[in-house]
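We're numbering straight along the sequence, starting at 1. Order of listing sets the numbers, starting from 1, for every ligand and every atom in it.
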Amino acid sequence: MKADKTINDAYQLARERYARLGVDTEKAMEALRQISLSLHCWQTDDVAGFEKPDASLSGGGIQATGNYPGKAKCIDDVRADMEKVYTLIPGKHRFNMHASYGDFGDTFVDRNEIETSHFTSWVDWAKSIGIKLDFNSTCYSHPKADDGYTLSSLDPDIREFWKEHVSRARKISAYLGRETGSRCIHNVWVPDGAKDLTVNRLRHRELLRDSLDEVFDTAYDPNEMADSIESKLFGIGSEAYVVGSHEFYMAYGISRDKMICIDMGHFHPTEQVGDKIPSLFTFVDELMFHFSRGLRWDSDHVVILNDDLELVTHEIIRANALSKVNVGLDFFDASINRVGAYVIGTRATQISFLKALLEPTEMIRNYENEGKGYEKLALMEEMKLMPYADVWNYFCMQQEVPSGIN
Ligand code: RNT
Ligand code: ZN
């Protein structure tokens, strides 16, 4: 990309202004360059997947709305869309797959039959474009999830079926990590819960705990794969009760040494997700995140640069935890251009990290330590007026991707 004089000049001035606050913009850009986000496969096709004979998203507390043209109809469409996305965002990023996106050919392969061989072509593709992979069990959109429970079902056959699925997904994750030479994070989210008042709350949670314990009993090389577990507040059809609540998984993760996955859209609308970071890092070494945007009842709107996102990225930086968080994106909007959705969401995430990296945290911290509340608040307000966009545009230019409006 050819150097743009306006972007360059604006950056030089911005660099000078940040330097006066003791902030090194070059360092911030270098840190930003190293943040590798895991881009989810499921925004390409509205979470449908490619199982035969007719993959479709149904029930299970997860739902995409909209019918914008251009939905990916086959694996090649997904790959083409993602290759396009990667050209429009700076940095080097990962790809986060779901088990339902296996390369199953024309045969029906049930969830308890998935094999590493169904993911060989994904490995070849990932290697050919130099990206690393993450993975997810797919415990929804299946007849055996229709009564609302999977790993925590009262029916032992249903539990067995899903345990087999998750066990196989973990094996596939280790394979992906080994093949690509980068640890693959395997995430488990189950939709288990109920639409209305539930009295078996404890029983289902005991069952979920026991199912997970059994599945996790098989150990894999930590360099090849790691497990994360994701909670939720409620879903469509699970308004009254969710088995895998935040407290459940927080307790599970800490007691079993499993990574807790915080999906930003899975909490009460006024809850500050950012504040969970310093709370959890008091007790754990590593976290997984799903960056998403909750909006009223839904949790999967395209990520934008808003206060919630900024608090999360700032708390990560303030906790000096950049190397201890794994960030995946998780949104699916079928009502707008899907490639565009990735571009907006990924870039908003990166801009939010950049703003956090450009914060003169030590100066603010000192004011706080000295009890200078007015000075602290004033500086934090002033930071909102600083020219971070000029640094971002320059960063994009350097990384040879389009910058924003300039
Ligand atoms: C659902 C969870 C989960 C899914 C993906 C598709 O509420 O957020 O992470 O979005 O597994
Ligand atoms: Zn999620």
Side-chain angles (χ1 to χ4, degrees), residues 37-51 55-65 72 78 94-102 111 114 133-142 145 148 150-151 162 165-166 169-170 172-173 184-193 227-239 241-246 248-249 253 259-269 273 276 287-303 308-309 312 325-334 338 341-342 345 349:
L37 304 167
S38 196
L39 270 60
H40 53 314
C41 65
W42 50 94
Q43 163 72 63
T44 56
D45 74 330
D46 317 335
V47 209
F50 298 113
E51 291 165 318
S56 68
L57 180 61
S58 69
I62 190 164
Q63 194 160 313
T65 51
V78 173
R94 305 174 66 89
F95 187 57
N96 196 8
M97 299 193 51
H98 242 286
S100 53
Y101 288 71
R111 302 274 171 85
I114 53 168
L133 299 170
D134 295 304
F135 201 66
N136 298 260
S137 294
T138 310
C139 300
Y140 51 79
S141 302
H142 190 280
T150 63
L151 287 177
W162 290 110
H165 171 65
V166 179
R170 295 183 73 231
I172 291 165
S173 302
C184 169
I185 296 183
H186 164 253
N187 184 60
V188 190
W189 170 76
V190 295
D192 298 31
D227 297 286
S228 68
I229 44 178
E230 180 181 3
S231 66
K232 195 163 179 170
L233 182 65
F234 80 97
I236 305 306
S238 62
E239 291 85 353
Y241 171 56
V242 169
V243 183
S245 61
H246 180 51
F248 175 88
Y249 278 124
M259 219 187 301
I260 296 164
C261 172
I262 300 284
D263 185 314
M264 290 176 60
H266 289 189
F267 296 90
H268 291 282
V273 175
K276 298 180 190 307
L287 287 174
M288 174 75 203
F289 271 87
H290 277 182
F291 277 21
S292 63
R293 174 166 53 109
L295 197 52
R296 303 200 190 279
W297 60 265
D298 203 359
S299 66
D300 302 297
H301 284 67
V302 177
V303 167
D308 297 332
L309 182 66
V312 167
V325 296
N326 304 281
V327 180
L329 304 180
D330 184 8
F331 46 80
F332 31 98
D333 187 340
R338 293 171 185 77
Y342 284 109
T349 299

Identify whether the distance between the nearest side-chain nitrogen and carboxylate oxygen of R338 and D45 falls below 4.0 Å.
->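 Salt bridge between R338 and D45, a charged N being under 4.0 Å from a carboxylate O: no.
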With backbone taken as N, CA, C and O and side chain as the heavy atoms from C-beta onward, which portion of H40 lies under 4.0 Å from ligand 1: side chain, backbone, both, or neither?
->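 No part of H40 comes within reach of ligand 1.
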Count, waters excluded, of protein N, O or S atoms under 2.8 Å from the Zn ion (ligand 2) =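 If we list every protein N, O or S atom nearer than 2.8 Å to the Zn ion (ligand 2), we get 4.
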Atoms of ligand 1, numbered as shown, that sit under 4.0 Å from any heavy atom of [X]:
X: Y140; result: 6 (C)
X: H290; result: 9 (O)
X: K232; result: 1 (C), 7 (O)
X: F332; result: 10 (O)

So which heavy atom on F135 is nearest to which on A99, and how close?
->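 Closest heavy-atom pair between F135 and A99: CZ-CA, 3.5 Å.
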Is NZ or CZ of K232 both nearer than 6.0 Å to the six-membered ring centre of F267 and within 45° of the ring axis?
->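 That pair does not qualify as a cation-pi contact.
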Report yes if [X] has an N/O atom closer than 3.5 Å to an N/O atom of ligand 1; otherwise report no.
X: H266; result: yes
X: H98; result: yes
X: D330; result: yes

Is it true that [Y] and [X] share a donor-acceptor pair across their side chains at a distance under 3.5 Å?
X: D192; Y: Y241; answer: no
X: D227; Y: H186; answer: yes
X: D330; Y: W42; answer: yes

Please examine the side chains of E230 and V188, heavy atoms only from C-beta on, and report whether any two atoms are closer than 4.5 Å.
->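 Contact flag for V188/E230 side chains = no.
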Begin with the C-alpha distance, continue with both residues' side-chain angles, and end with the deciding distance and a verdict on ring-ring contact (aromatic ring centres under 6.0 Å, His included) for F234 and H266.
-> CA-CA 7 Å; F234 80 97; H266 289 189; 9.2 Å; no
Side chain to side chain contact (heavy atoms under 4.5 Å, CB included) partners of S38, counting only residues at least two apart |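 S38 satisfies side chain to side chain contact (heavy atoms under 4.5 Å, CB included) with R94, N96, D134 once adjacent residues are dropped.
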Can you figure out which of Q43, E230, M264 has its heavy atom closest to atom 3 (C) of ligand 1?
->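 Ranked by closest heavy atom to atom 3 (C) of ligand 1, first place is E230.
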Determine, using ring centers only, whether H40 and Y342 are less than 6.0 Å apart.
->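 Ring-ring flag for Y342/H40: true, centres closer than 6.0 Å.
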